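Working notes, beginning with the structure itself.
Here the structure is a predicted model, which is why all the values come from computation and not from measurement.
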Amino acid sequence: MTPYYYCVLQLLYEYAVGVEEPLSVMNSSQPFFILSLLNHCKTLISLKQVHSTVLKTGLDSHHSITGKLLLHCSVLVPDGIDYACRLFRHTPEPDIFMYNTMIRGLVESDRPNNSIALFVEMRKNSVYHVPDSFSFAFTLKAAANLRSLRGGIQLHCQALTIGLNTHLFVGTGLVSMYGECGCIDFAWNAFEEMRELNVVAWNALLTAYMRAGDVKVARQMFLSMPFRDLTSWNVMLAGHVKAGELELAREVFLEMPDKDDVSWSTVIGGCAHSGLFDEAFEYFRELRREGMRANEVSLTGVLLACAQAGAFDFANILHGFIEKAGFGWIVSVNNVLLDTYAKCGNVRMAQLVFERLPDKKSIITWTSMMVGLAMHGHGEEAINLFHEMEESGIKPDEITLISLLYACSHAGLVEQGCEFFDKMKQVYNMEPSIEHYGCMVDLYGRAGEVQKAYEFICQMPLQPNAIIWRTLLGACSIHGDVKLAEKVKERVSELEPSDSGDHILLSNVYAVAGKWKDKASVRRAMTSQGMKKTPGWSSIEVDRIIYTFVAGAKHDEITEEAYEKLKEIMLRLRAGGYTPELGSVLHDIELEEKENSVTMHSEKLAVAFGIARLCKGKTIRIVKNLRICRDCHTVMKLISQAYNLEIVVRDRSRFHTYKSGSCSCRDYW
DNA sequence: TTAGGGTTAG
């Protein structure tokens with residue numbers, strides 16, 4: 001090969017990735033130069049251009065080499081699978097290489113069913129095409145993705161009859177498939193059958209043990225393995241993360257001789273999933289400090305952390321980064337982005353992301369958008385979106401229906417919710433699960449029909465769990481039904497006796513009803529059992545730093561600043577005629593103290609801090625871990641009017657947007 | 001042929 005050859009190749013390569021160029025310069029080039037271009041195509045558009053150029057040079061795309069290369073490159077290019085299918089269907093006599101290429105392409109494009117179907121077709125239609133190790137390896141991957149033990153065993157038997165089960169690739173595929181299906185003994189047998197072993201095979205077995213939740217055995221194995229590579233370390237890391245052992249995961253992470261983007265994505269995602277958003281941010285910063293480029297998975301992890309922390313500004317910066325890095329077309333990234341925007345209080349941005357994916361929306365995209373709208377009280381819009389989804393030909397799944405019921409319950413659409421619930425069986429052919437029943441209890445409970453909710457639970461065909469009863473208990477506490485609350489509390493306690501949240505709910509019911517003695521006895525019971533109330537906290541993002549406030553915590557400079565501002569604000573509100581509502585206070589204490597205790601709820605501190613620190617007119621966004629209390633709700637409305645501000649509060653169950661003295665939840669929460 | 005990511009009731 002001459003330097004000249006490389007120059008031409010380089011030139012052609014530049015044209016191929018620069019999609020706008022028509023590649024006309026290449027028409028006179030040698031056909032084989034053009035063929036080599038296929039390998040460099042990064043997008044479907046450039047691939048199609050090269051293909052048409054190939055045809056112009058007189059090379060037949062069914063020619064054996066051209067056809068194979070074309071197919072091979074099509075499945076590798078993003079969204080190229082349909083194009084590949086078309087090419088494949090127009091090939092008169094595909095050989096085993098082409099079958100295998102398609103089987104692999106289909107697995108990697110998340111169509112494992114089609115992949116298995118093609119394997120079967122290959123065996124039926126062409127007597128000359130006995131599957132080889134690649135066919136088995138790729139099809140086993142499909143069975144593993146589907147967790148289809150039956151399909152996997154069938155493949156194992158077929159491989160056995162031609163003696164391929166001892167092959168390195170096939171054996172590894174079998175180990176992985178059995179591991180994925182949760183059959184650790186079968187995985188071990190398949191491993192023992194193998195004639196030769198390499199690090200990949202060992203890693204597959206290690207993963208199988210990790211999947212089975214046997215972290216101890218896996219660790220033992222990891223230490224005694226004859227080979228070990230970066231993937232083995234990553235498997236250990238992921239195993240600890242999945243088991244929730246974040247301390248051990250951190251140890252492994254520090255101990256690793258090398259780290260790649262999988263290692264980083266694993267820790268970042270692991271922290272985010274465990275709710276440790278600060279740690280997730282810290283790892284992300286460290287990744288950047290080490291000069292690494294974040295990939296789409298680690299970005300997903302940080303976005304998840306943003307969603308939990310309500311870090312809108314940070315999410316917005318990440319959005320820009322995603323666009324610049326070229327991840328903007330990836331559906332899963334957009335799904336997380338959409339969800340994050342919605343959870344950070346900005347439905348409009350979420351909708352922009354949603355609309356940008358015209359024909360690539362997955363069921364998750366639709367569902368996330370529905371939940372996003374519902375969280376902000378746009379129940380009707382969420383329902384309209386559901387119908388739109390159906391019209392576009394996507395069938396709802398169980399989670400879509402949960403979201404739909406969630407939308408109804410948060411918008412007070414009781415009748416519509418019941419209709420959808422009935423439709424589940426009749427129209428969508430789904431058996432409602434305990435989660436769906438939970439939504440229905442919430443639907444009735446939120447609307448104040450607590451008795452109806454109780455009857456609903458008593459006649460449901462499934463055994464109600466603690467969550468179901470707790471949902472109703474929460475509704476009783478909002479609507480002040482003491483009698484029912486006591487009855488329901490008993491049922492919860494039978495199932496989960498030591499949950500402090502339930503005691504708090506009951507004590508709140510007594511507080512609202514003014515039954516201070518009963519309330520005190522609940523508190524005493526809690527103290528004697530060593531239970532503690534989950535402390536309420538609220539956080540706010542100022543200049544990309546998240547400040548968290550906890551009521552009654554020790555005063556530092558930041559809290560002091562917030563208190564000072566809050567005092568000033570309360571004086572102004574009182575001058576306008578406001579008096580605190582004391583129903584939500586938890587202690588039976590002197591009036592003045594009660595007032596103080598309400599005044600100091602963490603969300604008020606956070607708002608005060610926001611008013612002190614943020615530019616005038618900027619929306620104040622607050623995230624709270626518990627549900628907002630009645631008094632804080634009123635105060636937020638008043639502040640939004642007095643200071644001409646928009647305040648967005650995300651509490652445990654939904655969003656409240658306060659503007660000009662009223663709230664988007666229409667006082668329904 | 002092995003490892004990492006997304007939606008849901010409280």
Side-chain angles (χ1 to χ4, degrees), chain A residues 104 133-134 136-138 140-141 144 167-177 179 194 198-208 210 229-239 241-242 260-270 272-273 295-304 307 330-340 342 362-372 374 397-407 409-410 433-443 445-446 465-475 492 499 501-502 505 627 652-653:
Chain A
R104 176 193 175 186
S133 55
F134 286 98
F136 276 111
F138 297 141
L140 277 169
K141 173 94 183 164
H167 186 278
L168 184 59
F169 287 9
V170 182
T172 309
L174 284 167
V175 172
S176 172
M177 179 274 299
M194 290 171 71
N198 65 0
V199 66
V200 178
W202 278 98
N203 286 342
L205 189 63
L206 187 66
T207 312
M210 275 299 191
D229 66 0
L230 181 53
T231 299
S232 330
W233 282 96
N234 283 339
V235 172
M236 289 306 295
L237 186 65
V241 166
K242 277 227 177 86
D260 66 353
D261 46 358
V262 174
S263 332
W264 286 102
S265 319
T266 306
V267 272
I268 293 174
H273 272 283
N295 71 359
E296 75 276 19
V297 183
S298 38
L299 283 168
T300 309
V302 204
L303 278 174
L304 208 69
I330 302 175
V331 184
S332 63
V333 172
N334 279 294
N335 289 346
V336 189
L337 192 59
L338 186 165
D339 182 52
T340 305
S362 71
I363 183 130
I364 297 181
T365 322
W366 289 95
T367 307
S368 312
M369 194 65 243
M370 282 169 53
V371 175
D397 65 4
E398 279 80 1
I399 297 184
T400 320
L401 265 124
I402 290 178
S403 316
L404 195 61
L405 295 175
Y406 172 86
S409 112
H410 282 256
S433 67
I434 192 89
E435 284 86 358
H436 296 101
Y437 284 101
C439 289
M440 290 307 287
V441 173
D442 190 52
L443 179 75
R446 251 176 230 276
N465 59 14
I467 298 173
I468 297 267
W469 288 116
R470 193 171 298 138
T471 306
L472 182 54
L473 186 58
V492 194
D499 191 290
D502 302 330
L505 281 176
R627 275 207 206 178
R652 199 193 164 95
S653 67

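In this structure, A:I330 atom CD1 and B:dG6 atom P are separated by 14 Å, rounded to whole Å. Atom CE of A:M194 and atom P of B:dT2 are 12 Å apart (whole Å). Per the geometry, CG belonging to A:L338 stands 20 Å off P belonging to B:dG5, to the nearest Å. Rounded to an integer number of Å, the gap from CE of A:M236 to P of B:dG4 is 13 Å. Counting to the nearest Å, the P atom of B:dG4 and the CG atom of A:N234 are 9 Å from each other. We find that CZ of A:R627 is positioned 7 Å from P of B:dG10, with the value rounded to whole Å. Across the protein-nucleic acid pair, A:W202 atom CH2 and B:dA3 atom C1' stand 17 Å apart, rounded to whole Å. Whole-Å rounding puts the A:I268 CD1 to B:dG6 P distance at 13 Å.
Within 4.0 Å of A:S362, counting heavy atoms only, lies at least one base atom of the nucleic acid. Within the nucleic acid shown, A:N295 comes within 4.0 Å of at least one base atom, counting heavy atoms only. Using a 4.0 Å heavy-atom criterion, one finds that A:D260 contacts the bases of the nucleic acid, with or without backbone contacts as well. Across all strands, A:T266 comes closer than 4.0 Å only to sugar-phosphate atoms, never to a base (heavy-atom distances). Within the nucleic acid shown, A:T231 comes within 4.0 Å of at least one base atom, counting heavy atoms only.
For A:F136, the ring pair (Phe, Tyr, Trp, His ring centres under 6.0 Å) test picks out A:F119, with sequence neighbours left out. When the side-chain contact (heavy atoms from CB on, under 4.5 Å) test is applied to A:S433, the partners found at least two apart in sequence or on another chain are A:E435, A:H436. Annotation: side-chain contact (heavy atoms from CB on, under 4.5 Å) contacts of A:A374 (sequence neighbours excluded): A:Y406, A:A407. Every residue two or more places apart in sequence or in another chain that forms a ring pair (Phe, Tyr, Trp, His ring centres under 6.0 Å) with A:F169 is listed here: A:F134, A:H167. Residues satisfying the side-chain contact (heavy atoms from CB on, under 4.5 Å) test with A:V199, not counting sequence neighbours, are A:N203, A:F227, A:D229, A:S232.
A:L405 is not listed as a side-chain neighbour of A:L443, based on a closest heavy-atom distance of 4.5 Å or more. No side-chain heavy atom of A:S176 sits less than 4.5 Å from a side-chain heavy atom of A:T207.
For A:K242 and B:dA3, the shortest distance from a side-chain N or O to OP1 or OP2 is not below 4.0 Å.
The base of B:dG4 sits with one of its N or O atoms less than 3.5 Å from a complementary donor or acceptor on the side chain of A:S265. Judged by distance alone, with hydrogens and angles left aside, A:T300 brings no side-chain donor or acceptor close enough to the base of B:dG6 to form a pair under 3.5 Å.
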Between the protein and nucleotides 7-9 of chain B, which nitrogen or oxygen pairs are less than 3.5 angstrom apart?
{"unit_1": "B:dT8", "atom_1": "OP1", "unit_2": "A:K343", "atom_2": "NZ", "d": "3.2"}

